[in-house]
Amino acid sequence: MSGKLGKQDEMNAQKRRLVLQILHEEGALKLSDDDLYELFVTELGIYDTHMKDGLEKSDAARSLRQMAYRFIREKSST
């Protein structure tokens, strides 16, 4: 997927950042990959596993982990 995000994708990205901020403030960003998948995909429905063709659960979980690591790095550098 290239170019600008659609309106729904941008709203979901904002929601993911908000959830990451809350998890960061509560010290809960040490969730496992499976827990991150469960939270963002199953419970909240704010991470689209079909963003990339053929994205499997383990790939989506790793992508969510990378998203969390990037968030942590950004927060620790500010």
Side-chain angles (χ1 to χ4, degrees):
M1 186 166 138
S2 62
K4 293 185 178 182
L5 293 176
K7 188 171 188 139
Q8 184 65 42
D9 293 331
E10 182 58 37
M11 287 174 37
N12 283 341
Q14 290 176 1
K15 291 175 185 175
R16 287 190 300 269
R17 286 189 290 272
L18 176 61
V19 170
L20 287 170
Q21 180 63 40
I22 292 167
L23 291 173
H24 175 70
E25 290 174 4
E26 294 298 318
L29 273 178
K30 295 181 181 174
L31 296 172
S32 71
D33 292 359
D34 288 337
D35 289 339
L36 287 170
Y37 183 92
E38 180 71 21
L39 177 62
F40 283 93
V41 177
T42 306
E43 296 293 326
L44 300 175
I46 57 174
Y47 186 81
D48 185 5
T49 57
H50 302 292
M51 293 170 77
K52 298 176 186 170
D53 291 334
L55 190 65
E56 300 204 12
K57 180 179 178 181
S58 61
D59 296 330
R62 279 192 295 275
S63 293
L64 286 164
R65 168 62 52 212
Q66 289 302 316
M67 181 180 66
Y69 283 150
R70 281 192 305 272
F71 182 85
I72 292 168
R73 277 197 311 268
E74 288 172 9
K75 286 297 177 185
S76 63
S77 67
T78 57

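The figures here come from the full heavy-atom set of this structure, side chains too, leaving out hydrogens, waters and symmetry mates. Positions are given from 1, in the same order as the sequence printed here. Here the structure is a predicted model, which is why all the values come from computation and not from measurement.
Inter-residue side-chain proximity for Asn12 and Tyr47 is flagged as unmet; no heavy-atom pair is nearer than 4.5 Å. Two residues are said to be in side-chain contact when any heavy atoms from C-beta on lie closer than 4.5 Å; Asp34 and Lys57 meet this criterion.
Rounded to the nearest 0.5 Å, atoms CD (Gln66) and CZ (Arg73) are 7.0 Å apart.
Between Ile46 and Arg16 the shortest heavy-atom distance is O-NH1, 2.5 Å.
Considering Leu39, Leu18, Ile72 as possible partners of Leu23, the one that fulfils the side-chain contact (heavy atoms from CB on, under 4.5 Å) test is Leu39. Checked options Leu20, Asp59, Leu36; the residue passing with Leu64 is Leu36 (criterion: side-chain contact (heavy atoms from CB on, under 4.5 Å)).
The local environment of CD in Glu25 is crowded, with over 12 non-hydrogen atoms from other residues, nucleotides or ligands closer than 6.0 Å.
Side-chain heavy atoms closer than 4.5 Å link hydrophobic residues (I, L, V, M, F, W, Y) into clusters, and following such links, even through other members, never connects Ile22 to Val41.
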